[in-house]
Amino acid sequence: MSIFLAGAGPDPEAFPGVFDAFADEVRQRAGQDQASRIAMAVFGAGVNLQDVAAAYTEPLQSRMECGIVIVPLVPGKPADPAAFDGVDGVVVGGGLTPGYWEGLHPAATAISKLVTGGVPYLGFSAGAMVAPALALIGGYQINGMEVCGEECSEGLDSVALRKGLGLVPFTVDVHAAQAGTLSRAVGAVAAGLAEWAVAIDEDTAVVVESAGDEGYKVMGTGNCWDIRGTGGATEVSVRTGD
């Protein structure tokens, strides 16, 4: 079962393929004759998280019969790892990446065990950024120099990387070409903060077949920018949908 890392928030009209592929894998995991259970982690402060989750749950429920377990992430109250018990799929939404990281970090082992055991994972934007072993959670400066716009900082000054969920071996940034965060991912590798990063455009996703795999494919209409530090240099290659 796969790990789907989408470069933006949910948009089933512009990018239905990622919902279609994830739903297919959830059905396979649950068995064709069984209703699926999906854990849906969403972050917010002072908002109705059921409303936030609807942008993710409605496209899935239109594709299959499934029960949704909302995993609320609010400041100061991280997720209970038991909330993920027995689910057939994990979805992590978009929003404030440091909030998602703080909320999901205590459940990282539980999520990693699920995905390693064959449960598909779908992360949108922040949900894609927290998925790697080494997660980029925000910031716009490296060594005091701006590497992307301050509007992409997520409330942090210096670019910050933390231990993530451990699902993929490369660091992830999102909204790459559209928000200008490609330069942040390049800067993180050039500065030695990460050895390997993949910056994902909007309407685009990286798909890894199983946890820890180094190979990946690209789906969608945009680019993925593969950035690697090699011998003191930083090399960037562009990959498009297969």
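Since this is a predicted model, take the numbers as computed values, not measurements.
Distance check, rounded to the nearest 0.5 Å: CD of Glu146 to SG of Cys152 gives 11.0 Å. Between Asp226 atom CG and Ile200 atom CD1 the span is 10.5 Å, to the nearest 0.5 Å.
Other residues, nucleotides and ligands place more than 12 heavy atoms under 6.0 Å from the CD atom of Gln28.
You'll find the side chain of Arg27 reaches within 4.5 Å of the side chain of Asp24, heavy atoms only. A heavy-atom distance below 4.5 Å is not found between the side chains of Glu58 and Pro10. Residues Pro98 and Leu156 are in side-chain contact: their nearest non-hydrogen atoms beyond the backbone lie under 4.5 Å apart. By the 4.5 Å heavy-atom criterion applied to side chains, Cys66 and Gln61 are counted as neighbours. Taking the side chain as every heavy atom from C-beta outward, Met219 and Asp20 never approach each other to under 4.5 Å. Between Ile70 and Ile68 the shortest side-chain heavy-atom distance falls below 4.5 Å. Considering only heavy atoms from C-beta on, Leu167 stays 4.5 Å or farther from Val208 through its side chain.
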For a side-chain contact (heavy atoms from CB on, under 4.5 Å) check, start with the C-alpha distance between Leu49 and Val74, then their side-chain angles and the critical distance, and finish with the verdict.
CA-CA 9 Å; Leu49 291 181; Val74 296; 4.0 Å; yes
Please evaluate residues Leu104 and Phe43 with respect to the criterion side-chain contact (heavy atoms from CB on, under 4.5 Å), reporting the C-alpha separation (whole Å), side-chain torsions for both, the decisive distance (0.1 Å), and the verdict.
CA-CA 10 Å; Leu104 289 175; Phe43 173 84; over 6 Å; no
Going through the distances and angles, do Tyr56 and Leu122 end up as a side-chain contact (heavy atoms from CB on, under 4.5 Å)?
CA-CA 10 Å; Tyr56 307 90; Leu122 172 56; over 6 Å; no
If you apply the rule side-chain contact (heavy atoms from CB on, under 4.5 Å), what do you find for Val174 with Met129, and how did you get there?
CA-CA 7 Å; Val174 295; Met129 291 178 71; 3.6 Å; yes
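In the hydrophobic clustering of ILVMFWY residues, with side-chain heavy atoms under 4.5 Å counting as a link, Leu134 and Val168 come out together. One hydrophobic cluster, built from ILVMFWY side chains closer than 4.5 Å, cannot hold both Tyr140 and Leu136; they sit in different ones. Cluster membership check: Met1 does not share its hydrophobic cluster with Ile38, using side-chain heavy-atom separations under 4.5 Å among Ile, Leu, Val, Met, Phe, Trp and Tyr. Neither Val172 nor Leu182 shares a network with the other; the hydrophobic side chains, linked directly or stepwise wherever heavy atoms of I, L, V, M, F, W or Y lie under 4.5 Å apart, form separate groups for each. In terms of hydrophobic clustering, with Ile, Leu, Val, Met, Phe, Trp and Tyr side chains grouped at heavy-atom distances under 4.5 Å, Val238 and Val186 are assigned to a common cluster.
Two rings, from Phe19 and Phe4, have their centers 6.0 Å or more apart.
Between Trp101 and the options Leu96, Leu165, Val130, a side-chain contact (heavy atoms from CB on, under 4.5 Å) holds for only Val130.
Thr204 places a side-chain N or O within 3.5 Å of a backbone atom of Glu202 that can act as its donor or acceptor partner. Side chain of Asp213 to backbone of Gly215: no donor-acceptor contact under 3.5 angstrom is found. A donor-acceptor pair is defined here as one N or O able to donate and one able to accept, closer than 3.5 Å; no such pair exists between the side chain of Thr97 and the backbone of Ala126. In terms of modelled atom types and a separation under 3.5 Å, the side chain of Arg37 and the main chain of Gly86 share a donor-acceptor contact.
Evaluation of the ring pair (Phe, Tyr, Trp, His ring centres under 6.0 Å) test over residues 192-217, restricted to residues two or more places apart or in two chains, returns Phe170-Trp196, Phe170-Tyr216.
Under the rule for a ring pair (Phe, Tyr, Trp, His ring centres under 6.0 Å), Trp225 has no partner lying at least two apart in sequence or in another chain.
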